[in-house]
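Each chain gets a letter, A, B and so on, in the order the sequences are listed, and its residues count up from 1.
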Protein chains: 2
Amino acid sequence: MPIERYLTIGEVAQRSGVAPSGLRYYESLGLISSERTPGNQRRYERTTLRRVAFIRTASRVGLTLDEIGEALATLPEARTPTAEDWTRLSRSWRPLLDARIAAIERLRDDLDSCIGCGCLSLERCVLQNPADRAAALGPGARYLEGDSPLDAARAAGSSTS
Amino acid sequence: MPIERYLTIGEVAQRSGVAPSGLRYYESLGLISSERTPGNQRRYERTTLRRVAFIRTASRVGLTLDEIGEALATLPEARTPTAEDWTRLSRSWRPLLDARIAAIERLRDDLDSCIGCGCLSLERCVLQNPADRAAALGPGARYLEGDSPLDAARAAGSSTS
DNA sequence: TCTTGACCTCAAGTGAGGTTGAACTTACAC
DNA sequence: GTGTAAGTTCAACCTCACTTGAGGTCAAGA
């Protein structure tokens, strides 16, 4: 075991690109943890850098911090996570990324066909399917509003401009 | 000119899939407009449906409502916008979508190579480039935090676990 | 006429992911 | 041993895209 040199919050902040306030915020959510000096200052293990990197990356991919927390919870608590452990987690993002790419491609293609055919019936071609809508922009079901395709179709049918 | 049958907010809501509160919100931002009945209720032109569809789609694409407002401001005020007008606006989304897809693909591939080579140096492989990070999740410069690649590299170089 | 449902305004709340400020304490280099 | 940079807590604030609630009005059918 090499000598563990603990890192201050400022060091972790600089090296991870997450502001101290952000790190405290992550800690408040239980995503990372720290020891304290006798004077109550945080000291982080080196592995925290990896953990923070993971959090940032997952966040970038569109996971909520809650979801990331759940993923992190599957890491073994007893020992320092191995490369193996991290690999398992990262690999689990693959389908998510693929799905997200697919959703955006679909949106792009829908848009193309709307533009191509000249109808530009966004109501009919694109906005009709709420499932895609929810998938396209990532986390949460923000766009599942229970709108009615039938109404949209009627509107498109009688539309003037 | 066909008879203009004005739509109530409820009708627009149903047909567009945007809640009345959302439509009022859009109006407060100047994204749509309405006439009023003698009793102060909103009445919408039919073209509002298309406008709302545009807003929703643009929003889905990842534009902020501010940006959408700017786009809408380029529409001619003098006449009802034609299919041509809408096509012009929508076409401009294409690069944005392409960029977004590319960013996520890049992220996915970076991740793959990290996993593949066994280093799993997220700090080095993935988190090192802030520009991509900003692009990946869409609108705004939310992720441009001025972090230092140099620091990240140093951190990766001396990382233990 | 009455009731009901749709509409109005304005202020406040939501949730995600943090940042900022005030008031105070620690750690460390000189 | 002291100055100051960096740390602490806690509450409040921020943006984005809306929704909710309170308190009140309007429109239409029975």
Side-chain angles (χ1 to χ4, degrees), chain A residues 5-32 34-44 52 55-70 133-134 136-147, chain B residues 6-32 34-44 52 54-70 133-134 136-147:
Chain A
R5 232 224 79 217
Y6 287 96
L7 302 169
T8 67
I9 196 169
E11 286 166 336
V12 175
Q14 261 212 334
R15 295 180 178 192
S16 68
V18 175
S21 60
L23 294 172
R24 291 192 197 99
Y25 178 61
Y26 288 165
E27 190 169 327
S28 78
L29 299 181
L31 298 181
I32 58 178
S34 60
E35 326 238 309
R36 298 298 179 114
T37 64
N40 198 36
Q41 299 198 350
R42 288 173 178 81
R43 286 301 180 271
Y44 294 96
V52 173
I55 294 165
R56 295 302 285 158
T57 306
S59 172
R60 181 143 82 94
V61 164
L63 299 180
T64 64
L65 294 183
D66 260 20
E67 290 168 325
I68 296 168
E70 282 170 34
R133 203 182 314 184
L137 260 194
R142 288 196 287 260
Y143 295 95
L144 290 172
E145 305 150 334
D147 37 53
Chain B
Y6 288 95
L7 302 168
T8 67
I9 196 169
E11 287 166 335
V12 175
Q14 261 213 332
R15 295 180 179 194
S16 68
V18 176
S21 60
L23 294 172
R24 292 193 197 101
Y25 177 63
Y26 288 166
E27 190 169 328
S28 78
L29 298 182
L31 298 180
I32 58 177
S34 60
E35 325 237 308
R36 297 297 179 115
T37 64
N40 199 36
Q41 298 196 352
R42 288 173 179 80
R43 287 299 180 272
Y44 294 96
V52 172
F54 178 88
I55 294 166
R56 295 301 282 158
T57 307
S59 174
R60 185 143 78 95
V61 165
L63 300 179
T64 64
L65 293 182
D66 259 19
E67 290 168 326
I68 296 168
E70 282 170 34
R133 202 182 319 186
L137 261 193
R142 288 198 287 261
Y143 296 94
L144 291 170
E145 306 151 331
D147 37 37

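- Residue L29(B) contributes atom CG, which lies 9 Å from atom P of dA17(D) at whole-angstrom precision.
- Annotation: side-chain hydrogen bond (donor to acceptor under 3.5 Å, both in side chains) contacts of Y26(B) (sequence neighbours excluded): R56(B).
- Straight-line distance from the CG atom of L65(A) to the C1' atom of dG15(C): 12 Å, rounded to whole Å.
- Residues satisfying the side-chain hydrogen bond (donor to acceptor under 3.5 Å, both in side chains) test with N40(A), not counting sequence neighbours, are R36(A).
- Between Y26(A) and the phosphate of dG18(C), there is a side-chain N or O to OP1/OP2 separation shorter than 4.0 Å.
- Between I55(A) and I32(A) there is a side-chain heavy-atom pair separated by less than 4.5 Å.
- Atom P of nucleotide dG17(C) and atom CZ of R56(A) are separated by 10 Å, given to the nearest angstrom.
- Residue T37(A) places at least one side-chain N or O closer than 4.0 Å to OP1 or OP2 of dA27(C).
- Counting to the nearest Å, the P atom of dG21(D) and the OH atom of Y25(B) are 19 Å from each other.
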> Along nucleotides 6-12 of chain C, 5' to 3', which nucleotides get a B, which get an S, and which get a -, given that the test is a protein heavy-atom distance under 4.0 Å?
Replying inline: -SSB---

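- Atom CG of L29(A) sits about 10.0 Å away from atom CD1 of I68(A), to the nearest 0.5 Å.
- In this structure, the separation between CG on L7(A) and CZ on R43(A) is 9.5 Å, given to the nearest 0.5 Å.
- Rounded to a whole Å, the CD1 atom of I55(B) is 12 Å from the P atom of dA17(D).
- Of the candidates V18(B), L31(B), T57(B), V52(B) forms a side-chain contact (heavy atoms from CB on, under 4.5 Å) with just one, namely V18(B).
- With rounding to whole Å, I68(B) atom CD1 is found 7 Å from dA17(D) atom P.
- In this structure, the OH atom of Y6(B) is 17 Å from the P atom of dA27(D), given to the nearest Å.
- The interatomic distance linking Q14(B) (CD) with dG5(C) (C1') rounds to 14 Å, in whole Å.
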